[in-house]
A.B. asks: 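Right, I'll just put the structure down here and ask away after.
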Amino acid sequence: MSRLWFIVWAIVIWQVAVRTWTPAATPTPESFTPISGIEFDEHEKYIEDARRANRKDALAALDRPWSERCGPNRPKFIGGLNAYYRDRQNQHDRYPEIYGPAGADYIAKQWDTPDDRRIVRLTQEAFANGYLRLSDFDGLATEMVSAVVLGERVTGRGCAA
């Protein structure tokens, strides 16, 4: 009888040891690729409102007079742009991750409105004139702004003056 208990305990200890020191297989996330676009409708109505608000805030920041982009008003100027570019980069990263190539195509179209193109152009202009630095932005926003101002040369003194 003691020999049987010894074998049972040996098996239990072996099972615990194997499960403890063997790396767990990480499940691969299943990718859902929409076909019709209807799949986006359920949550897009909320996200579209957020996109609209971000565009409005970014344009308000970029429409500020040059003199209000430095000094005590600078946080308002940077804040509107930071939120816009952070959310834009986040969605550019997440949609392909969640929905696959269809998500990448969909979100690229969502962030390619006339207002978005205006924001990009005005951001490039503010950067070239020295009113923006990449260090003004945080995390995800820095990644998107870096791509937007790539190739732009700073010719003005902006806030450094």
A.B. asks: For Lys109, does its backbone N or O pair with a side-chain atom of Asp112 as donor and acceptor, under 3.5 Å?
C.D. replies: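 Here the side-chain-to-backbone pair does not exist.
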A.B. asks: Would you mind checking if Asp136 and Arg133 are paired as a salt bridge, meaning a charged N to carboxylate O distance below 4.0 Å?
C.D. replies: yes
A.B. asks: Is a donor on one side and an acceptor on the other found under 3.5 Å between the side chain of Asn82 and the backbone of Asp138?
C.D. replies: yes
A.B. asks: Between Met144 and Arg86, is there a side-chain heavy-atom distance shorter than 4.5 Å?
C.D. replies: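 Heavy-atom side-chain distance check fails, nothing below 4.5 Å.
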A.B. asks: Kindly determine whether Gln91 and Asp87 satisfy side chain to side chain donor-acceptor pair (under 3.5 Å), including the steps that lead there.
C.D. replies: CA-CA 6 Å; Gln91 290 179 21; Asp87 289 352; 5.8 Å; no
A.B. asks: I want to know whether Tyr95 and Trp111 have ring centres closer than 6.0 Å.
C.D. replies: no
A.B. asks: Can we say Arg55 and Glu48 salt-bridge, meaning some charged N sits less than 4.0 Å from an Asp/Glu carboxylate O?
C.D. replies: yes
A.B. asks: Any donor and acceptor pair, going by atom type alone, linking the side chain of Arg74 with main-chain N or O of Glu68 inside 3.5 Å?
C.D. replies: no
A.B. asks: Can any side-chain N or O of Gln124 pair as donor or acceptor with the backbone N or O of Val148 at less than 3.5 Å?
C.D. replies: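 A pair under 3.5 Å: yes.
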A.B. asks: Working to the nearest 0.5 angstrom, can you tell me the gap between Asn54 CG and Arg88 CZ?
C.D. replies: 11.0 Å
A.B. asks: Would you call Lys56-Asp115 a salt bridge at under 4.0 Å N-O?
C.D. replies: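 Salt bridge between Lys56 and Asp115, a charged N being under 4.0 Å from a carboxylate O: no.
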A.B. asks: Output, in order, the C-alpha distance, side-chain angles, deciding distance and verdict of side chain to side chain donor-acceptor pair (under 3.5 Å) for Tyr85 and Thr123.
C.D. replies: CA-CA 10 Å; Tyr85 283 112; Thr123 299; 2.7 Å; yes
A.B. asks: Kindly say whether Glu125 contributes a backbone atom to a donor-acceptor pair with the side chain of Asn129 at under 3.5 angstrom?
C.D. replies: yes
A.B. asks: Does a salt bridge link Arg52 with Asp49, judged by any charged N lying under 4.0 Å from a carboxylate O?
C.D. replies: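 Between Asp49 and Arg52 there is a salt bridge, with a charged N closer than 4.0 Å to a carboxylate O.
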A.B. asks: Using every non-hydrogen atom in the two residues, find where Glu152 and Ala128 come nearest and quote the distance to one decimal.
C.D. replies: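 Distance-wise, the nearest heavy atoms are OE1-CB, 4.1 Å.
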